[in-house]
Amino acid sequence: MLSSKVIGDSHGQDSSYFLGWQEYEKNPFHESFNPSGIVQMGLAENQLSFDLIETWLEEHPEVLGLKKNEESVFRQLALFQDYHGLPAFKDAMAKFMGKIRENKVKFDTNKMVLTAGSTSANETLMFCLANPGDAFLIPAPYYPGFDRDLKWRTGVEIVPIHCVSSNGYKITEDALEDAYERARELNLNVKGVLITNPSNPLGTSTTREELDLLLTFTSTKNIHMVSDEIYSGTVFDSPEFTSVLEVAKDKNMDLDEKIHVVYSLSKDLGLPGFRVGLIYSNNEKVVSAATKMSSFGLISSQTQHLLANLLSDERFTTNYLEENRKRLRERKDRLVSGLKEAGIGCLKSNAGLFCWVDLRHLLNSNTFEAEHSLWTKIVCEVGLNISPGSSCHCDEPGWFRVCFANMSDQTMEVAMDRVKGFVENNNRGKQKRTMWDTRRRSLINKWVSKLSSVTCESER
């Protein structure tokens with residue numbers, strides 16, 4: 001006998017978001033060894049600035065050699081570290097997070113809980129803030145992995161806050177109230193609102209007005225506000241990034257125990273394999289419980305040692321953030337330009353590692369079945385793994401998340417060539433169908449006319 005977790009399908013692995021990855025893994029693109037393979041555009045990784053980190057490591061070999069002041073720190077790092085983390089690392093993280101926010105927000109390391117990535121941080125917060133069967137409201141479209149991260153082991157439910165393309169997917173008071181009431185109608189106890197800022201999958205930063213609205217809403221309802229700010233350092237265009245903590249400070253809510261922030265180095269530094277994340281909260285009980293839970297997913301001591309040194313280098317972090325944003329902006333513009341040449345538009349974005357792409361005009365019908373059919377064709381025939389909007393719980397069929405920072409310039413060119421070829425073939429197919437439909441109607445009209453003539457003659 002196995003547990004319901006094992007035999008159930010609540011993990012969300014059957015989502016097209018994960019199925020696309022599986023197809024890619026069967027036939028991954030490689031410029032030399034498999035040029036006809038599937039290009040991975042469904043993975044939000046930042047590989048554009050690895051050289052900056054590699055250069056720093058080459059200039060500081062003692063860090064990788066586990067030395068400090070020319071003396072080995074191997075034994076210190078090899079021995080058991082308690083789950084509070086290395087003080088030097090937490091100090092460096094606090095300063096780095098403050099730098100990203102232009103020091104408009106200061107971070108107290110005593111309010112930090114280190115976790116093995118943001119996945120662990122978000123799940124830990126759910127365990128701390130909600131019971132099985134309770135609900136969190138999340139603006140949709142949202143990151144498909146939340147169905148796993150927030151729900152699978154915790155038993156927490158997600159109720160989407162329906163946002164629409166007609167207003168650029170802005171969070172509105174009506175949308176918040178509607179989601180809250182739908183949850184109540186389902187007899188769900190709403191424990192809070194969770195957002196990603198900047199948004200995954202939209203690539204847009206949450207405005208100050210939206211954050212003000214959210215804090216007013218959660219305060220009025222007496223529920224929690226969780227802001228996942230994992231993409232905060234990727235904002236490359238206006239409007240600038242505004243943290244929920246900054247708006248809370250302006251509203252004299254900066255010590256509010258129901259406001260929590262999640263952060264990670266997976267996107268800003270492109271280090272998902274290092275598994276570095278954290279929770280920041282004013283709530284002492286949450287910090288205490290989350291710290292105890294963190295023993296199930298600690299950050300290794302050598303990772304903390306390495307990053308403490310890297311992030312403490314002010315010259316490096318200043319240069320990195322500036323250059324990384326520049327490269328992200330250039331790559332995003334390249335994607336948008338290539339799609340535009342193919343007659344494809346995108347939601348205007350200013351952050352993240354992806355674009356929210358509008359393929360509604362390529363659907364055979366305005367349905368999610370048509371979206372799924374188009375997605376299948378793009379993955380299996382065109383050879384591009386992109387994520388359909390339905391996997392992000394988008395209400396409107398035809399939108400797709402397309403990642404742009406996890407590949408080389410050459411691979412991006414291959415992807416754009418495939419997109420253009422697909423659209424051209426699709427348009428030619430439509431033209432042929434249109435010509436055949438016109439000819440068929442002409443033949444039918446001639447046949448009806450001839451039949452009518454014969455009928456009239458027989459009646460005479």
Side-chain angles (χ1 to χ4, degrees), residues 101 122 125-126 129 135-147 149-150 156-185 188 190-232 234-235 237-251 253 256 258-263 346-352 354-356 358 389-396 399 401:
R101 293 155 183 78
N122 278 311
L125 266 181
M126 291 302 104
L129 305 180
F136 262 76
L137 312 181
I138 302 182
Y142 63 77
Y143 166 54
F146 279 157
D147 292 324
D149 302 352
L150 307 182
V156 170
E157 298 295 333
I158 293 176
V159 177
I161 301 168
H162 295 306
C163 302
V164 295
S165 62
S166 58
N167 72 348
Y169 297 98
K170 298 299 182 188
I171 301 168
T172 65
E173 184 176 3
D174 287 344
L176 286 168
E177 292 290 351
D178 173 70
Y180 189 82
E181 288 306 314
R182 280 188 286 110
R184 296 291 293 272
E185 289 171 5
L188 296 173
V190 177
K191 297 302 293 286
V193 175
L194 184 147
I195 66 169
T196 53
N197 178 27
S199 167
N200 176 8
L202 303 179
T204 56
S205 54
T206 309
T207 65
R208 183 176 290 272
E209 291 73 23
E210 290 174 290
L211 292 169
D212 186 275
L213 171 65
L214 285 162
L215 287 175
T216 299
F217 177 80
T218 53
S219 177
T220 301
K221 302 294 186 186
N222 194 29
I223 57 178
H224 294 276
M225 176 69 214
V226 178
S227 181
D228 183 339
E229 300 182 354
I230 188 175
Y231 290 97
S232 55
T234 70
V235 178
D237 212 339
S238 60
E240 65 182 15
F241 173 72
T242 302
S243 172
V244 70
L245 297 176
E246 185 182 338
V247 177
K249 183 179 179 181
D250 293 342
K251 291 170 70 71
M253 297 174 63
D256 193 310
K258 287 187 171 65
I259 300 174
H260 320 274
V261 168
V262 167
Y263 184 61
C346 306
L347 179 72
K348 185 178 180 181
S349 60
N350 69 318
F354 32 72
C355 284
W356 191 238
D358 184 1
S390 55
S391 70
C392 304
H393 299 270
C394 182
D395 275 351
E396 188 176 8
W399 291 89
R401 190 191 76 165

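Hydrogens, waters and symmetry mates play no part in the numbers below; they use all other heavy atoms, side chains included.
No donor-acceptor pair under 3.5 Å is formed between the side chain of Glu229 and the backbone N or O of Asn197. Between the side chain of Thr172 and the backbone N or O of Ala175 there is at least one donor-acceptor pair closer than 3.5 Å. The main-chain N or O of Asp178 is never found under 3.5 Å from a side-chain atom of Glu181 such that the two would form a donor-acceptor pair.
Rounding to the nearest 0.5 Å places CG of Leu211 at 5.5 Å from OG1 of Thr206. Note that the CG atom of Leu202 and the SG atom of Cys355 stand 11.0 Å from one another [nearest 0.5 Å]. For the atom pair CD1 of Ile223 and OH of Tyr180, the computed distance is 6.0 Å after rounding to the nearest 0.5 Å. Phe136 contributes atom CZ, which lies 4.0 Å from atom CE of Met126 (distance to the nearest 0.5 angstrom). Between the CZ atom of Phe354 and the CG atom of Leu347 there is a distance of 11.5 Å, given to the nearest 0.5 Å. Between atom CG of residue Asp237 and atom OG1 of residue Thr204 there is a gap of 12.5 Å, rounded to the nearest 0.5 Å.
Proximity of the aromatic rings of Tyr143 and Tyr231 is defined here by a centroid distance below 6.0 angstrom, and this criterion is not met.
For the 3.5 Å distance criterion, the side chains of Glu246 and Ser243 fail to qualify, holding no donor opposite an acceptor. Residues Thr216 and Lys251 bring a donor and an acceptor atom of their side chains to less than 3.5 Å of each other. When only modelled atom types and interatomic distance are considered, Thr196 and Asp228 share no side-chain donor-acceptor pair under 3.5 Å.
Minimum heavy-atom separation, Glu240 to Ser205: O-OG, 4.1 Å. Ile171 and Pro139 get closest at one heavy-atom pair: CD1-CG, 3.7 Å. Residues Pro198 and Ser232 approach most closely at CD-N, 3.6 Å, considering heavy atoms. Minimum heavy-atom separation, Pro144 to Cys392: CG-SG, 3.8 Å. Across all their heavy atoms, Ala179 and Leu137 have their closest contact at O-CD2, 4.0 Å. Of all heavy-atom pairs spanning Asn350 and Ser238, the tightest one is CB-O, 3.5 Å.
With a 6.0 Å radius and a threshold of 12 heavy atoms from other residues, nucleotides or ligands, Glu177 has its CD atom above the threshold. When the shell of 6.0 Å around CZ of Arg184 is examined, it contains 12 or fewer heavy atoms from other residues, nucleotides or ligands. Enclosure of atom NZ in Lys221 by more than 12 non-hydrogen atoms of other residues, nucleotides or ligands within 6.0 angstrom is indicated.
Between Tyr142 and His393, the ring planes are parallel. Angles under 30° get that label, and only those over 60° would be called perpendicular. Taking the six-membered ring where tryptophan is involved, the planes of Tyr169 and Trp356 are perpendicular, since the angle between them exceeds 60° and thus also 30°.
Relative to the ring axis of Phe241, Arg208 does not place its NZ or CZ within 45° and under 6.0 Å from the centre.
You'll find the side chain of Lys170 stays beyond 4.5 Å of the side chain of Cys163, heavy atoms only. Side-chain contact between Asn222 and Lys258 is present, with heavy atoms from C-beta onward closer than 4.5 Å. Side-chain contact between Ser227 and Val262: absent, with no pair of heavy atoms (C-beta onward) separated by less than 4.5 Å. Val244 places a side-chain heavy atom less than 4.5 Å from the side chain of Ile259. Side-chain contact between Arg182 and His162 is present, with heavy atoms from C-beta onward closer than 4.5 Å. Using a 4.5 Å heavy-atom threshold, the side chains of Arg401 and Asn200 count as touching. Between Ile161 and Ile138, the closest side-chain pair of non-hydrogen atoms is not below 4.5 Å. In this structure, the side chains of Thr242 and Arg101 stay at 4.5 Å or more apart for every pair of heavy atoms.
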(message) Test side-chain contact (heavy atoms from CB on, under 4.5 Å) on His224 and Val193; report intermediate values, then the result.
(response) CA-CA 6 Å; His224 294 276; Val193 175; over 6 Å; no
(request) Run the numbers on Met225 and His260 for side-chain contact (heavy atoms from CB on, under 4.5 Å), then give the verdict. (result) CA-CA 6 Å; Met225 176 69 214; His260 320 274; over 6 Å; no
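When each of Val226, Leu125, Asn122 is tested with Leu150 by the rule side chain to side chain contact (heavy atoms under 4.5 Å, CB included), just one qualifies, namely Asn122.
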